[in-house]
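All remarks here apply to the structure that follows.
Order of the sequence lines fixes the chain letters, A, B, ..., with proteins taken first and strands second; residue numbering starts at 1 for each chain.
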2 protein chains.
Amino acid sequence: MTTLADKGNLVQRPPTMKEVAALANVSIKTVSRVINEEPGVSPELSERVLQAIRQLGYHHNTTASNLRRADQRTATIGLLLDDVANPFSSALHRAIEDVANQHDTLVFTGSSDFEADREERMALTLMSRRVDGLIVMPVSQSHIGLQQFKQLDRPIVFVDRPANLYDADSVLADNRVGASVAVRHMAAYGHRRIAFLGDLHTLWTAAERHLGYIEGLALTGLQLDPALVRHDLHSINLVEQATIELFTAPNPPSALFAGQNLITIGVIRALQRLGLQQQVALVGFDDFPLADLLMPRVSVVAQDPALLGKTAAERLFARLDGERSPGERIVIPTQLLIRGSGEITPSAFT
Amino acid sequence: MTTLADKGNLVQRPPTMKEVAALANVSIKTVSRVINEEPGVSPELSERVLQAIRQLGYHHNTTASNLRRADQRTATIGLLLDDVANPFSSALHRAIEDVANQHDTLVFTGSSDFEADREERMALTLMSRRVDGLIVMPVSQSHIGLQQFKQLDRPIVFVDRPANLYDADSVLADNRVGASVAVRHMAAYGHRRIAFLGDLHTLWTAAERHLGYIEGLALTGLQLDPALVRHDLHSINLVEQATIELFTAPNPPSALFAGQNLITIGVIRALQRLGLQQQVALVGFDDFPLADLLMPRVSVVAQDPALLGKTAAERLFARLDGERSPGERIVIPTQLLIRGSGEITPSAFT
DNA sequence: TTGAAAGCGATACCAG
DNA sequence: CTGGTATCGCTTTCAA
């Protein structure tokens, strides 16, 4: 192993195939055959090579190997999430990691923080790394970075939100139906004034859930009151403020539909502050840990992030295996989990 | 762009420097100079090259570039976590991602699931990718894979748990003091029978917190009762069962110290089942979302995962920048958050 | 200021 | 079965 001196450089240069070949007294090509388990190497040579590999502590250089390989693959994929620390994103991440593992593929993950230019920067970086494909929770409307990636004919699968640009697969939760079910559920308990609290209206999921809310009201013959609809609640403070405003205004709602899990939590915080948590019905979209330990236990429309992630990853690897059908939308159903908060009746509210 | 036909291969071959050079009618070295912003290229040539790059949609191949570069760096690091979907791990992850970004470095992340052979397999895979360094929540005692990595003289930083093998940096929370503080806090409220519920005793953090528990008892003059100490509660079921056993046995505790956040949650679930949540004092180690929304609100010893991650990443990059001092343990303090559950007095318990 | 040639660590192709 | 040589896409070295 050669030693470099420069500060900032890695000091040791790992052993190479050439060195293994020299030690085993065979050609480098034979070493390559042994390592790649290609047939047709005599047992004695093979053993000599393996011996040399152990002796030198040789480890195959996947990077160099991939450079020369004919299939042009790097056995890496990129994953662009809202934020790796967000529970929904990280559940997706884990499911994708597991599928990637089965395909001997490594995952580069990045957080977009809902910023289009972060998304673009990450996409370009991943393109420079020549990742084989991308799984993305898309942010931007223009998808500049993603477009360039797609031009290389590498597959992209969108997850949680669809892309609005080109033909690609999207794996989505059934936002609209889920929201509609939530609203109808509370209506069935006698609520006539059901408020909507939603995330940034520019987010596709927020918009869909809002449509589901409207649909749910329509299906139960309830009238939409614009005063009960609040959008763009992208921070906990905005949520709390909006909730409090709803209950200090005249003619308050008796039930709430919270369009996202952080919103649900903000709503609960506000209701606790107002002392109304046992009197106002609440169904949240997206489950969250401990929802069943709060009092009242929180009814939610649960998504299945692990299944979303698994499905997206499997779709991506299918594409990488040559699947050429047109891009499609795969919709994963949601499930209403009845726990208590959504079953509070209007009579509790005076 | 050449087109390959094979199923399973990526179809398009991205444009190369050579093609850019041909189009711009310059040497490939000149293209390289432009891309790497090396000085000494005439403005006209430079412009011609940039023009060709745009025209072809060229993107630099970082992988090939790194292969030839003298510093032997790949601008990637590996991150081995318990589970990317676990909130503590994912908070670490996010902090590390941010530091890596500042160093134009990409992160390969993997989940060990507390399994030594997964850890080893991941370490070897990452070695094959020639990552520049590793940040690891260590699992195994032998660290076979990590040892081999370290033999290449690439830095490893341990986070949350130290390594027991060789000289390397570790970034740790102050588990012992945190646990001791928790016990003394409840003792100060008059508790004399404080139980310990801990994770796998083979985990360093669990052992440290247990030591802190013992220390806390000793400092307050309380006697250690082995019947109140439960180890290896690595699943929610085990936690609930252990909790219930504690309260069905004669002479139950009036206060509980839960040694990990999933344990805390299991304990709460069990206490709710027993109807004891308002009567038994509880302090958990490690904060969790919604701890302040439960009733009673849950007092915890909070770690600072973001700071742990940031510190670990900065340490790793310092090593990569040539820092050669001996490996050290960096300890991040914990903080007792008083919210209610830890301040229940023994008189509540009859 | 520019470019030709060698080489990074491996695989592909074709002889023997 | 085994090995030589060209090549992957880029940087390095050195000469023009």
Side-chain angles (χ1 to χ4, degrees), chain A residues 1-2 4 6 9-10 12-49 52-53 56 58-75 127-130 152, chain B residues 1-2 4 6 9-10 12-49 52-53 56 58-75 127-130 152:
Chain A
M1 308 204 218
T2 331
L4 304 176
D6 291 359
N9 288 359
L10 298 174
Q12 286 190 19
R13 184 179 294 276
T16 65
M17 266 195 179
K18 202 162 131 190
E19 295 169 276
V20 173
L23 182 61
N25 217 317
V26 296
S27 82
I28 175 178
K29 176 69 228 200
T30 298
V31 178
S32 173
R33 285 199 180 92
V34 172
I35 286 167
N36 292 300
E37 296 176 316
E38 288 171 34
V41 180
S42 72
E44 37 195 344
L45 269 201
S46 180
E47 186 43 51
R48 228 160 71 207
V49 169
I53 286 175
L56 289 174
Y58 170 82
H59 288 277
H60 195 53
N61 185 331
T62 312
T63 294
S65 165
N66 287 331
L67 178 60
R68 188 60 180 89
R69 282 198 128 79
D71 62 10
Q72 285 290 304
R73 306 227 334 213
T74 55
M127 186 144 61
S128 279
R129 300 287 180 160
R130 298 292 189 270
L152 296 183
Chain B
M1 307 203 217
T2 330
L4 304 175
D6 290 0
N9 288 359
L10 297 174
Q12 286 190 21
R13 184 178 295 277
T16 66
M17 267 195 178
K18 201 162 132 191
E19 296 170 277
V20 173
L23 182 61
N25 217 316
V26 296
S27 80
I28 173 179
K29 174 69 231 202
T30 297
V31 178
S32 172
R33 284 199 181 93
V34 171
I35 285 166
N36 292 299
E37 294 176 316
E38 288 172 34
V41 180
S42 71
E44 36 194 345
L45 270 200
S46 180
E47 185 44 51
R48 230 160 70 207
V49 169
I53 286 176
L56 289 174
Y58 171 81
H59 288 276
H60 195 52
N61 184 331
T62 312
T63 295
S65 165
N66 288 329
L67 179 61
R68 187 60 179 88
R69 282 201 128 80
D71 61 10
Q72 285 289 305
R73 307 232 327 219
T74 55
M127 185 145 61
S128 279
R129 300 288 179 159
R130 297 294 190 269
L152 297 182

Euclidean distance, B:Thr62 OG1 relative to A:Arg129 CZ, rounded to 0.5 Å:
5.0 Å
Angle of first-five versus last-five pair axes in the helix from C:dT1-D:dA16 to C:dG16-D:dC1, to 10 degrees:
40°
Distance, nearest 0.5 Å, that separates OG1 of B:Thr30 from CE of B:Met17:
10.5 Å
CG (B:Asn66) and CG (A:Leu67) are apart, to the nearest 0.5 Å, by 11.0 Å
Write down the protein N/O and nucleotide N/O pairs, taken from nucleotides 8-10 of chain D, whose separation is under 3.5 Å; answer none if there are no such pairs.
from: D:dG9; atom 1: OP1; to: B:Arg13; atom 2: NH1; distance (Å): 3.3
from: D:dC10; atom 1: OP1; to: B:Tyr58; atom 2: OH; distance (Å): 2.5
from: D:dC10; atom 1: OP1; to: B:Asn61; atom 2: N; distance (Å): 3.1
from: D:dC10; atom 1: OP2; to: B:Met17; atom 2: N; distance (Å): 2.6

Contacted region of DNA chain C by chain A, from 5' end to 3' end of the hits, cut-off under 4.0 Å to heavy atoms, spans C:dC8 to C:dC13
Measuring from atom CG of A:Leu152 to atom CZ of B:Arg13, what distance do you get when rounded to the nearest 0.5 angstrom?
12.5 Å
Is any side-chain heavy atom of A:Tyr58 closer than 4.5 Å to one of A:Ile35?
yes
Kindly compute the distance separating OG1 (A:Thr16) from NE2 (A:His60), expressed to the nearest 0.5 Å.
12.0 Å
Could you check whether any side-chain N or O of B:Arg48 sits under 3.5 Å from a backbone N or O of B:Asn25, counting only pairs where one atom can act as donor and the other as acceptor?
yes
For B:Val41, does its backbone N or O pair with a side-chain atom of B:Ser46 as donor and acceptor, under 3.5 Å?
no
Heavy-atom pair with the smallest gap, counting every atom of B:Gln72 and A:Pro14
OE1-CD, 4.1 Å
When rounded to the nearest 0.5 Å, the distance separating OG1 of A:Thr63 from CZ of A:Arg130 is 13.5 Å
